[in-house]
Colleague: 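If you scroll down you'll find the structure; I have some questions about it.
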Amino acid sequence: MGVAMGNIDLAVEPDFRLGPWLVRPSLGMACRDGAEVKLEPRVLQTLIVLVRAEGRTVSRAELMRTAWGLEVGDDAIGRCIGRLRAVLAIDGVIGFETIPKIGYRLSVDAGIDDTSPPALPPTLPAPPRRPLWPWVAVAGSILLIAGSLQLLKRDGAALPVAQVTPVTSDPGQEIQPALNRGGGQIAYAADRAGQGFDIWVQSLTGGTPARITDDPAHDLSPSWSPDGGRIAFVRIDRDGPCRILVKPVPSGPERQVGACSTFREVKLAWLDNGHLVHADRPGTAGPARLWSVALSGPQAGQQVALTDPPPGIHGDSDPTLSPDGKRLAFMRHRAVGVSDVIVRELATGAEQQVTDDGRKLHGLEWSGDGRWLYAASSRAGDFGLWRIDPEGTAPPLRVAPGLNQLGRIGAGGDRVAAEVRTNRSTLLRLHPDGRQEPVVPPSNRLDWDPDISRQGAVAFASDRSGMFEIWVAERGQAPTPVTQFQGPFTQSPRWAPDGQRLALISVIDGAPGLFILDRGAERLRRVAADPGAEDRAPAWSRDGQRLYFASNRLGGWRIWITRPPYDQAMPITEAGWRVAKESADGRWLYMARDGENGLWRQPADGGMPERIADLPDAYDNESWVVGGGGVYLVDRPGNGQARIMLLPNDGAPMRMVTELPDALYKSSLALGPDGGLVIGQYLGSLVDIVDVRIDEP
């Protein structure tokens with residue numbers, strides 16, 4: 001059973017008119033005079049509550065209870081009201097009035113000439129809820145979206161038409177497409193030779209693909225030079241950061257022109273025929289920045305910073321240059337799963353943020369004529385292809401759906417090439433006697449980040465519904481979703497000892513925040529809200545009276561604790577710590593540092609931490625669990641292999657418990673009441689490339 005976000009289920013809400021607008025809750029949009037505007041679920045729920053009030057002032061508490069079903073800050077409600085004003089109240093016919101210290105009121109000019117009388121949504125009680133999500137079965141990643149896609153017409157207005165056809169369909173993976181400026185040729189990385197990723201080139205009008213690199217290392221992220229005669233790409237060696245190379249097309253010797261400082265993989269873009277730009281972080285501290293590198297001359301190979309993102313965020317990535325060479329668009333990542341598009345004027349350095357979604361982005365490119373930006377975004381829940389106005393004046397327009405998850409994209413001419421990706425993983429139970437069995441019935445999607453209650457219920461994150469939600473499988477029962485955030489990146493479910501409360505992380509108000517789901521009361525509340533911060537890695541104390549979590553709310557990652565009623569939190573460490581978990585007897589607090597390998601331990605009531613192990617790897621800093629006999633950790637010797645190790649409490653040397661090839665990265669390791677371990681296992685990806693021809697009216 002899903003936890004309701006208040007009493008409003010947008011999927012079954014009927015369409016209604018509000019002044020000159022037709023509001024369509026089930027489609028997440030409002031239409032007027034040939035224009036169609038997407039409205040976020042929270043904004044629509046707020047609107048419906050105000051409409052049902054029929055001119056009465058609605059208090060903040062009533063909005064939270066009726067529309068959202070969880071406690072939020074005034075700034076969150078204010079953003080929804082601001083969005084409604086910006087979209088629906090542009091000509092004064094509709095008004096959203098703030099009554100200071102009381103609430104909000106909706107007014108509609110009675111003199112508006114509307115051929116259809118306004119129809120109010122039905123008053124509570126709402127219609128019966130239908131099942132939370134249809135079951136999504138992926139029967140073929142390309143067939144689902146191949147063919148001609150005519151977009152919805154807005155009251156007769158002409159809209160772009162997207163013609164979608166497959167480019168690749170090989171058993172391997174074809175990823176990271178790049179189109180040349182005219183859009184006739186495509187370069188991409190593929191592992192079809194069975195020896196790692198190489199760069200391939202082919203014509204979109206037909207012909208045989210040609211492999212242009214064959215190094216044993218992975219070659220990724222191709223990018224065409226403006227003159228079309230060269231391709232830049234990155235080479236990923238087994239150890240160390242990536243190298244940047246350039247190779248003539250169709251043939252010629254490759255040469256290294258630069259190297260990354262810390263990043264293993266980056267997306268490249270050309271600033272001109274003599275300079276490249278990419279993201280990198282010079283050290284473990286500070287956000288990622290965009291850097292330019294000259295290919296020749298006295299400054300060859302030297303990196304020059306182009307952007308200076310604010311501190312406390314993840315930083316900038318995925319640069320793309322406008323066809324006229326005057327503007328650089330890129331992604332700015334405020335937190336995991338929270339990205340927006342920034343456009344920078346290269347001549348002046350002025351930057352403009354042109355999206356404000358608080359959602360995840362997978363790809364970003366300019367259209368061939370420079371009129372638009374295209375992005376693969378989860379702004380509607382699934383990863384569809386969106387057209388974005390680089391001036392930030394017109395709302396984004398969806399031009400292709402995300403029936404599968406769209407990833408990196410390339411653009412040129414009148415077309416966009418896009419990854420169509422289905423990632424697969426499953427949850428495995430590892431028994432003490434060496435047996436392995438699925439925890440839940442496998443799906444064709446990602447199941448990961450498990451936790452097991454003392455009563456044996458399994459909670460995990462999954463995109464089985466097409467969006468990341470938290471799912472729970474009770475003993476002997478099929479899994480069901482217990483959240484319906486409808487798109488934000490959601491993860492890290494952690495059971496309280498009572499088996500009724502789940503701590504979890506989801507992106508609300510533009511940053512990953514900490515929530516507690518009380519399954520008995522069907523209540524979801526935000527913990528110690530700080531919308532400007534990022535919260536991670538929740539972990540309960542053994543008695544369930546304290547909840548540990550990591551947060552950067554004071555600058556730098558620290559361990560915090562919160563106690564009932566969970567409206568306040570306090571830090572318990574200095575900066576630099578990313579994960580903390582109590583020992584089974586409550587005596588010790590085990591911790592992992594931010595960006596460093598190793599495990600530390602300190603007395604739970606305070607004291608100096610001491611380093612006790614070289615594991616976990618920094619990439620697995622949440623993939624460990626504390627049991628009665630010690631700490632279980634993931635070790636990765638290399639070549640896709642992994643094994644589970646035990647660091648005993650009695651001081652004995654670390655020993656191997658079991659091997660598990662393809663253990664999923666950044667997935668928690670859970671311990672059940674029977675002593676069995678549960679972890680996500682990567683099953684592979686189905687990745688192909690499609691060609692999206694976009695005919696503008």
Side-chain angles (χ1 to χ4, degrees), residues 234 236-242 259-266 278-291 303 305 307-317 331-339 449 489 491-492 505 511-512 514 533-539 548-560 571-581 589-602 608-625 631 633-638 642 645 647 663-669:
V234 297
I236 314 297
D237 298 306
R238 180 172 178 178
D239 299 311
C242 60
C260 305
S261 297
T262 60
F263 278 12
R264 293 273 296 156
E265 181 190 348
V266 295
H278 66 94
D280 200 2
R281 182 180 288 117
T284 57
R289 306 168 73 176
L290 295 184
W291 303 79
Q303 305 213 40
T307 65
D308 186 20
I313 70 171
H314 286 230
D316 302 338
S317 75
M331 301 181 195
R332 178 156 287 168
H333 308 282
R334 286 183 281 156
V336 175
V338 183
S339 307
D449 216 355
F489 194 58
Q491 60 180 330
S492 302
I505 301 293
L514 177 61
E534 181 179 1
D535 300 335
R536 310 286 300 172
Y548 299 93
F549 65 100
S551 181
N552 62 357
R553 56 185 65 198
L554 287 181
W557 288 95
R558 292 172 169 84
I559 304 301
W560 294 64
I572 62 171
T573 70
E574 298 296 328
W577 298 96
R578 192 61 179 262
V579 187
K581 303 177 185 182
L589 192 63
Y590 292 90
M591 299 187 298
R593 292 189 63 85
D594 181 31
E596 293 185 31
N597 297 347
L599 188 70
W600 281 257
R601 186 179 73 172
Q602 72 175 41
M608 292 297 295
E610 60 172 337
R611 194 170 190 266
I612 58 174
D614 295 334
L615 295 176
D617 185 274
Y619 287 99
D620 278 314
N621 59 14
E622 291 189 46
S623 301
W624 51 279
V625 63
V631 184
L633 309 104
V634 178
D635 182 28
R636 301 181 188 272
M645 310 294 290
L647 179 66
L664 199 63
Y665 273 95
K666 300 185 179 181
S667 175
S668 64
L669 182 63

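The basis for the numbers below is simple: all heavy atoms, side chains too, and nothing from hydrogens, waters or symmetry mates. Since the structure is predicted, the reported quantities are computational estimates derived from the model, not experimental observations. Sequential numbering from 1 along the given sequence is applied to the chain's residues.
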Colleague: Quick one, D535 and R553 - any side-chain contact, counting heavy atoms below 4.5 Å?
Modeller: yes
Colleague: Give, for atom OG of S317 and atom CD of E265, the distance between the pair rounded to the nearest 0.5 Å.
Modeller: 11.0 Å
Colleague: When rounded to the nearest 0.5 angstrom, what distance separates CG in D308 from CG in L290?
Modeller: 11.0 Å
Colleague: Evaluate the side chain to side chain contact (heavy atoms under 4.5 Å, CB included) criterion for residues V579 and Y548: first the C-alpha distance (whole Å), next the side-chain angles of each, then the deciding distance (0.1 Å), finally the verdict.
Modeller: CA-CA 9 Å; V579 187; Y548 299 93; over 6 Å; no
Colleague: Closest heavy-atom contact between A305 and W291?
Modeller: N-CE3, 3.4 Å
Colleague: Where is the tightest heavy-atom contact between R264 and C242, given as atom of each residue plus distance?
Modeller: O-CB, 3.1 Å
Colleague: Would you name the heavy atoms of A533 and S551 that are closest together and state the gap between them?
Modeller: CB-OG, 4.1 Å
Colleague: To the nearest 0.5 Å, tell me how far M591 CE sits from W600 CH2.
Modeller: 9.0 Å
Colleague: Would you call P309 and R332 a side-chain contact if the rule is heavy atoms closer than 4.5 Å?
Modeller: yes
Colleague: Are the side chains of R578 and R593 in contact, using a 4.5 Å heavy-atom criterion?
Modeller: no
Colleague: Supply the atom-to-atom distance F549 CZ to L514 CG, rounded to the nearest 0.5 angstrom.
Modeller: 5.5 Å
Colleague: Taking the side chain as every heavy atom from C-beta outward, state whether R611 and D614 have any atom pair closer than 4.5 Å.
Modeller: yes
Colleague: Can any side-chain N or O of N552 pair as donor or acceptor with the backbone N or O of G312 at less than 3.5 Å?
Modeller: yes
Colleague: Would you check if the side chain of T573 reaches a backbone N or O of I559 as a donor-acceptor pair within less than 3.5 Å?
Modeller: yes
Colleague: Can you name the residues that form a side chain to side chain contact (heavy atoms under 4.5 Å, CB included) with R281, not counting sequence neighbours?
Modeller: T262, F263, A288
Colleague: Would you say W557 and E534 make side-chain contact, with heavy atoms under 4.5 Å?
Modeller: yes
Colleague: Do R601 and E610 pass the side chain to side chain contact (heavy atoms under 4.5 Å, CB included) test, and can you show the C-alpha distance, the side-chain angles, and the key distance before you say yes or no?
Modeller: CA-CA 5 Å; R601 186 179 73 172; E610 60 172 337; 3.7 Å; yes
Colleague: Looking only at heavy atoms, which two atoms of P287 and P310 are closest? And how far apart?
Modeller: CG-O, 3.7 Å
Colleague: Identify the two heavy atoms, one from A642 and one from A663, that lie closest to each other, and give their separation to 0.1 Å.
Modeller: CB-CB, 3.7 Å
Colleague: Is the shortest side-chain N to carboxylate O distance from R636 to D620 below 4.0 Å?
Modeller: yes
Colleague: Side chains of L554 and P571: does their closest heavy-atom pair fall under 4.5 Å?
Modeller: yes
Colleague: Which value, rounded to the nearest 0.5 Å, describes the distance between W624 atom CH2 and L647 atom CG?
Modeller: 10.5 Å
Colleague: How would you list, by chain and number, every residue that makes a side chain to side chain contact (heavy atoms under 4.5 Å, CB included) with S492, sequence neighbours excluded?
Modeller: D449, R494, I505, P538, E622
Colleague: Under a 3.5 Å distance rule, please check whether D280 uses its side chain to pair with a backbone N or O of S261 as donor and acceptor.
Modeller: yes
Colleague: State, with a plain yes or no, whether a side-chain heavy atom of H314 is found less than 4.5 Å away from one of V336.
Modeller: yes
Colleague: If I take atom NE2 from residue H333 and atom CE from residue M331, how far apart are they, to the nearest 0.5 angstrom?
Modeller: 5.5 Å
Colleague: Restricting to non-hydrogen atoms, name the atom on A539 and the atom on A580 that form the minimum distance, rounded to 0.1 Å.
Modeller: CB-O, 3.4 Å
Colleague: Do side-chain atoms of Q303 reach the backbone of A259 as a donor and acceptor pair under 3.5 angstrom?
Modeller: yes
Colleague: Under the criterion side chain to side chain contact (heavy atoms under 4.5 Å, CB included), I'd like the reasoning laid out for V266 against C260: C-alpha separation, chi angles, the key distance, then a yes or no.
Modeller: CA-CA 8 Å; V266 295; C260 305; 4.1 Å; yes
Colleague: Using side-chain heavy atoms (C-beta onward) and a distance below 4.5 Å, is V625 in contact with L633?
Modeller: no
Colleague: Considering residues at least two apart in sequence or located in another chain, which fulfil the salt bridge (Lys or Arg N to Asp or Glu O under 4.0 Å) criterion with E574?
Modeller: none
Colleague: Are R558 and W560 in a cation-pi contact, defined as NZ or CZ under 6.0 Å from the six-membered ring centre and within 45° of the axis?
Modeller: no
